[in-house]
Amino acid sequence: MCVQGYDGASVMSGHVSGVQTRIRQVNPNAVYVNCQPHVLNLCIIHASKLPLVRNIMDTMQEVTLAFKFSAKRLLVFKEQLGDNPVAREEMGRRSKLKLLCETRWASRADCLSVFIDTFKSPNLDLIQASEEAKTCSSVLNAEKNDDAVWEALMEKAIEIASDYGIDPSSPRTAGRQQHRNNVPANIPSAYWKMAMYLPFLDHLVAEINEKLVVPVPGFQAQLLIPGKLGQLTAEKLKSIHEHYSVDMAIDLEEFKLEVNRWRHRWSIREPTDPLPQRLVETLDVANPAFYPAIYVAVKTLLTYPVSACAAECSFSSMKRLKTPLRNTMTDDRLSSLAILHIHKEKEINVESVLDQFAQHKERCLTLCL
């Protein structure tokens with residue numbers, strides 16, 4: 001085991017007695033990687049705890065629950081949705097409001113999107129995921145400083161409110177106030193920008209930079225990618241060797257000689273030959289017979305997971321597979337059924353399955369000619 005990944009629960013990720021700590025006591029090289037979707041969910045949850053944002057989410061949830069737990073209200077909602085082709089088209093195939101889920105980061109966006117639409121009636125590797133987190137943070141910072149983005153959001157809010165005779169307004173400001181935002185503003189647009197929009201973005205960007213854009217041990221092996229060799233310094237090369245030395249099974253001087261040959265390998269390439277820019281491309285061209293240490297480092301880094309959602313999906317499927325009627329099935333059969341159930345998008349060659357089944361042992365029925 002060279003890497004392990006879980007969510008951020010203390011029983012799994014705790015540095016004192018968590019699962020990852022106990023595994024590293026047995027295998028110190030089993031690096032712990034926090035599940036990126038879980039971290040992103042925490043960033044959004046923490047940013048949504050700002051009073052104004054929290055009130056928006058709570059109000060939306062209350063409205064959704066009012067329809068969900070009343071058959072009469074739900075029937076009226078569906079009738080109104082049927083009479084509004086615009087909202088029906090924006091909702092797609094949905095016929096209900098979507099509940100807010102505290103453990104899924106995408107549900108907040110889906111819930112808010114469906115609510116607005118009806119108001120009128122996992123191939124990334126961990127390095128790419130970290131780069132995308134930096135991109136997301138940069139985009140949010142750019143939008144925060146772009147007045148046009150806020151003006152477009154404000155115009156949309158005013159348009160929705162105008163359908164119900166609600167004029168844009170802001171709370172009364174006071175000289176001394178400690179229990180709510182008391183920002184000085186002459187117009188409602190300026191108030192809501194300073195009281196809600198900017199604090200929310202600042203908090204969200206800070207959470208993303210703190211929780212997502214963080215270096216993971218072994219990340220510097222990405223500098224072995226031919227397109228990034230120019231950033232590989234002697235100190236970083238030494239750090240790579242220290243982290244992967246157990247798997248490389250060579251000393252530092254031998255690793256330096258191998259990296260030197262690796263540099264020359266790409267300096268003498270034909271100008272028309274593409275320069276690999278990703279880990280997978282690097283692994284394809286790193287011949288383990290000539291560059292064994294580089295091959296090991298890149299291959300190990302590729303095993304670092306972006307998310308633990310795929311494993312959790314198998315847990316959710318277990319209750320449908322491991323029923324009381326199937327309580328005596330073997331592990332091999334259970335694993336095969338799980339793969340068929342979870343990865344339904346995979347195409348199966350039926351003819352090949354029949355051939356293997358027919359040739360497995362002699363049968364009374366002739367299945368193949």
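No continuous path of hydrophobic side-chain contacts links Ile208 to Val139 [ILVMFWY only; heavy atoms under 4.5 Å]. Placement of Ile23 and Met12 within a single hydrophobic cluster is found when ILVMFWY residues are connected by side-chain heavy-atom separations under 4.5 Å, directly or transitively. Residue Leu257 is not grouped with residue Tyr244 when hydrophobic side chains (ILVMFWY) are merged at heavy-atom distances under 4.5 angstrom, including chains of intermediate members. Using a 4.5 Å cut-off between side-chain heavy atoms of Ile, Leu, Val, Met, Phe, Trp and Tyr, with links allowed through other members, Leu301 and Val33 fall into the same hydrophobic cluster. Under the 4.5 Å side-chain contact rule for hydrophobic residues, Val149 and Val205 share a cluster.
Other residues, nucleotides and ligands contribute more than 12 heavy atoms inside 6.0 Å of the CD atom of Glu345. Other residues, nucleotides and ligands place no more than 12 heavy atoms under 6.0 Å from the CG atom of Asn186. Shown here is Arg263, whose CZ atom has more than 12 heavy atoms of other residues, nucleotides or ligands within 6.0 Å. More than 12 heavy atoms of other shown residues, nucleotides or ligands fall within 6.0 angstrom of atom NZ in Lys322. Other residues, nucleotides and ligands contribute over 12 non-hydrogen atoms within 6.0 Å of the CZ atom of Arg269. Within a 6.0 Å sphere centred on CG of Asp331, heavy atoms belonging to other residues, nucleotides or ligands number 12 at most.
With hydrogens and angles ignored, the 3.5 Å screen pairs a side-chain donor or acceptor of Trp192 with a backbone N or O of Ser169. The closest donor-acceptor contact from the side chain of Tyr291 to the backbone of Glu258 lies at 3.5 Å or more, if one exists at all. Side-chain N or O atoms of Arg24 include none that pairs as donor or acceptor with a backbone N or O of Val31 at under 3.5 Å. Counting only distance, with no hydrogens or angles, the side chain of Thr59 and the backbone of Asn55 share a donor-acceptor pair below 3.5 Å. Judged by distance alone, the side chain of Gln231 and the main-chain N or O of Lys228 form no donor-acceptor pair under 3.5 Å. In this structure a side-chain-to-backbone donor-acceptor pair under 3.5 Å is missing from Gln220 to Ile240. Ser336 places a side-chain N or O within 3.5 Å of a backbone atom of Asp332 that can act as its donor or acceptor partner. Side chain of Asp247 to main chain of Thr300: no donor-acceptor pair is present (N/O by atom type, distance under 3.5 Å, no hydrogens or angles). His341 places no side-chain N or O within 3.5 Å of a backbone atom of Met318 that could act as its donor or acceptor partner.
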If you apply the rule side chain to side chain contact (heavy atoms under 4.5 Å, CB included), what do you find for Tyr295 with Phe290, and how did you get there? CA-CA 9 Å; Tyr295 181 84; Phe290 300 114; over 6 Å; no
Side chain to side chain contact (heavy atoms under 4.5 Å, CB included) evaluation trace for Lys238 with Glu242: CA-CA 6 Å; Lys238 182 179 179 181; Glu242 289 177 354; 3.5 Å; yes
Given side chain to side chain contact (heavy atoms under 4.5 Å, CB included), test Val285 with Trp266 step by step and report yes or no. CA-CA 11 Å; Val285 297; Trp266 296 105; 3.5 Å; yes
What do the steps show when you test Leu223 against Leu237 for side chain to side chain contact (heavy atoms under 4.5 Å, CB included), and what is the final call? CA-CA 9 Å; Leu223 300 179; Leu237 189 146; over 6 Å; no
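Considering every non-hydrogen atom in both Cys2 and Tyr304, the closest pair reads O-CE1, 4.3 Å. The minimum heavy-atom distance linking Pro188 with Pro168 is given by the pair CG-O, 3.6 Å. In this structure, Met196 and Ile56 approach most closely via the heavy-atom pair SD-CD1, 3.5 Å. Closest non-hydrogen pair, Thr282 versus Leu224, comes out as CG2-O, 4.1 Å. Among all heavy-atom pairs drawn from Leu321 and Leu334, the shortest one is CB-CD1, 4.2 Å. Taking each heavy atom of Gln4 and Tyr6 in turn, the nearest pair found is OE1-OH, 2.7 Å.
To the nearest 0.5 Å, atom CD of residue Gln25 and atom CG of residue Asn27 are 12.0 Å apart. For the atom pair Asp147 CG and Lys193 NZ, the distance stands at 4.0 Å (nearest 0.5 Å). Note that NE2 of His243 is 8.5 Å distant from OG of Ser239, once rounded to the nearest 0.5 Å. Put simply, CD1 on Ile158 and CE on Met154 are 4.5 Å apart, with the number rounded to the nearest 0.5 Å. Between the CG atom of Asn209 and the CG atom of Asn141 there is a distance of 7.5 Å, given to the nearest 0.5 Å. To the nearest 0.5 Å, atom CG of residue Asp146 and atom CD of residue Glu151 are 8.5 Å apart.
Side-chain contact check for Leu302 versus Val280: some heavy-atom pair is nearer than 4.5 Å. By the 4.5 Å heavy-atom criterion applied to side chains, Arg261 and His264 are not counted as neighbours.
A search for salt bridge (Lys or Arg N to Asp or Glu O under 4.0 Å) contacts involving Asp284 returns nothing, not counting sequence neighbours. Here Asp202 pairs with Lys144 under the side chain to side chain donor-acceptor pair (under 3.5 Å) rule; sequence neighbours left out.
Residue pairs meeting the ring pair (Phe, Tyr, Trp, His ring centres under 6.0 Å) criterion with at least one partner in residues 138-162, sequence neighbours excluded, are Trp150-Tyr197.
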